[in-house]
2 protein chains.
Amino acid sequence: MDNNKNINSPNNLSEPENKILEAAKKVFIQKGFDGATMQEIADVAGINKALLHYYFRKKEILFKTIFQQAFSEFVPNIQEVISSDKPLRKKIKSFIEGYIDLLTKNPYLPIFILNELSQRPEKLITIIKSSGLNPSLIIKNFDKSLQEAGIKSYPIKHLLVNILSMCIFPVVAKPVISSFLFDGNDKSYQLFIQQRKKYIYDFIIKALKI
Amino acid sequence: MDNNKNINSPNNLSEPENKILEAAKKVFIQKGFDGATMQEIADVAGINKALLHYYFRKKEILFKTIFQQAFSEFVPNIQEVISSDKPLRKKIKSFIEGYIDLLTKNPYLPIFILNELSQRPEKLITIIKSSGLNPSLIIKNFDKSLQEAGIKSYPIKHLLVNILSMCIFPVVAKPVISSFLFDGNDKSYQLFIQQRKKYIYDFIIKALKI
DNA sequence: GTCTATATGGCGATAGAC
DNA sequence: GTCTATCGCCATATAGAC
């Protein structure tokens with residue numbers, strides 16, 4: 001029996017379980033699967049290694065739990081935005097602003113996801129497929145919006161990838177961009193990212209001639 | 001004395017040194033610093049661990065050598081393209097096509113660079129700074145081209161990042177894109193990447209109203 | 001230069017007392 | 001459930017024969 005329920009917790013997990021997950025998230029996202037150690041996760045969680053293995057029998061099990069959680073955070077409420085009944089321009093604007101805010105709050109998330117996914121595609125692809133994301137529905141809704149706005153000349157998958165690229169890549173490539181374009185000045189880089197809300201939007205609107 | 005020079009080699013390195021570098025590149029790029037082992041590198045090179053340490057005293061030294069080499073491959077001849085005297089549209093077109101070809105040939109390169117750079121920014125930033133890339137010169141030349149083409153309304157750094165994002169991100173995010181947009185079909189994904197040469201170009205040209 | 005053998009340490013994982 | 005102690009393994013790195 002679990003005599004250690006945390007009544008104040010929003011989920012049904014015991015208190016150490018929550019501390020472990022929080023610690024594991026921090027360590028895995030910062031160092032990746034190979035770079036993270038169970039010892040460090042235990043230290044951050046304020047428990048010892050043995051207890052870690054008591055709750056999550058293997059490193060891989062703990063990792064997959066974290067990865068799944070991270071992936072669902074990384075995928076925003078795009079479905080919601082796209083299927084709303086706002087005009088197309090508003091939809092695009094909301095999506096960009098929301099996503100850049102999300103990325104600003106979780107700058108390590110995308111590179112973690114993308115790197116792990118590159119190194120263990122087979123093992124992780126099932127996890128991302130069970131994320132509840134429905135790409136064909138998104139495509140369908142987005143396509144409808146484009147049709148209504150009279151845009152037929154640009155393929156929707158490329159448009160979708162263009163938008164995502166321009167939002168995510170600058171966060172993933174922070175070290176290069178910050179160093180080469182802003183002399184390592186973090187304030188300038190952060191400002192640049194915020195400015196992108198406007199400039200990505202402008203770019204897309206002009207490209208689509210809306 | 002080095003009694004093992006490889007006369008046929010284009011560089012000045014001994015034969016085992018070249019085999020080691022080739023093997024290390026393959027392993028490091030595929031598995032990252034933490035995931036790679038000296039044993040595997042030695043195996044791929046067809047030598048033993050001890051010899052590895054004879055030539056490169058520490059894993060980190062070998063890694064930095066590979067990283068530097070990888071980074072200079074990852075950074076294309078952008079300088080050359082930008083400072084040529086072709087019209088702006090041609091410059092943009094050449095750059096996109098050349099870069100996508102480069103990325104198609106080396107699809108693991110960008111995620112390797114970006115991930116290692118995220119995890120060890122301080123240690124690697126000096127390496128990328130010594131890459132010979134001159135960003136302010138590129139900006140300057142590119143800016144001149146834009147001025148001549150009568151484009152003043154869009155900030156150059158954002159434009160530069162937009163172009164790079166749309167080229168690089170789809171390669172970095174291959175597992176997600178392939179799985180979600182193309183049902184895991186690699187042929188379809190590869191075709192998509194090739195199509196991007198045209199669609200990225202179109203997108204930019206329209207956005208800039210050239 | 002190249003090898004075998006080994007030192008040394010940290011890793012994931014488990015045993016077993018409490 | 002939580003701890004200390006420890007196992008077995010594999011990592012980087014070195015010693016020393018040839």
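Just so it is clear, the structure is predicted and the values come from calculations on it, not from any experiment. In what follows, every chain begins at residue 1, and chains take the letters A, B, ... in the order their sequences are listed.
The CD1-C1' distance, from A:Ile41 to C:dG10, rounds to 15 Å in whole Å. Here D:dC10 presents its P atom at 14 Å from NZ of B:Lys31, a figure rounded to the nearest Å. Protein atom CD of B:Gln39 is 13 Å distant from nucleotide atom C1' of D:dA13, rounded to whole Å. The distance between atom CG of B:Leu52 and atom P of C:dT4, rounded to the nearest whole Å, is 14 Å. Distance, A:Asp43 CG to C:dG12 P: 12 Å, rounded to whole Å. Rounded to a whole Å, the OH atom of A:Tyr55 is 18 Å from the C1' atom of C:dA13. Atom-to-atom, CG of A:Asp34 to C1' of D:dC10 comes out at 14 Å; the value is rounded to the nearest Å. Here C:dG12 presents its P atom at 5 Å from NZ of A:Lys59, a figure rounded to the nearest Å.
At the phosphate of D:dA13, OP1 or OP2 sits under 4.0 Å from a side-chain N or O atom of B:His53.
Residues B:Phe67 and B:Phe63 form a side-chain contact, since some pair of their non-hydrogen atoms from C-beta on lies under 4.5 Å apart. Annotation: side chain of A:Tyr108 is not in contact with side chain of A:Lys31 (no heavy-atom distance under 4.5 Å). Using a 4.5 Å heavy-atom threshold, the side chains of A:Ile139 and A:Leu160 count as touching.
Residue contacts shown for A:Ala42 are absent, as no nucleic acid heavy atom lies under 4.0 Å away. Across all strands, B:Lys49 comes closer than 4.0 Å to base atoms (heavy-atom distances).
Comparing atom distances between the B:Asn48 side chain and each of C:dT4, D:dT12, C:dC11 picks out C:dT4 as nearest. Comparing C:dG1, C:dA13, D:dT2 by their nearest atom to the side chain of A:Tyr54 picks out D:dT2. Closest to the side chain of B:Ala50, from the set D:dT2, C:dT4, C:dG1, is C:dT4. For B:Leu51, the side-chain atoms get nearest to C:dT2 when compared with the rest of C:dT2, D:dA11, D:dA13. Closest to the A:Met38 side chain, of the nucleotides D:dT12, C:dG12, C:dC3, is C:dG12.
Toward the 5′ end of DNA chain C lies the nearest nucleotide of A:Thr37, the other residue of the pair A:Thr37 and A:Arg57 mapping further downstream.
Annotation for B:Lys206: atom NZ counts as buried by contact number, over 12 foreign heavy atoms lying within 6.0 Å.
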Residues A:Glu22, A:Lys26; criterion salt bridge (charged side-chain N to carboxylate O under 4.0 Å, His left out); working and verdict: CA-CA 6 Å; A:Glu22 191 187 345; A:Lys26 200 179 297 183; 5.2 Å; no

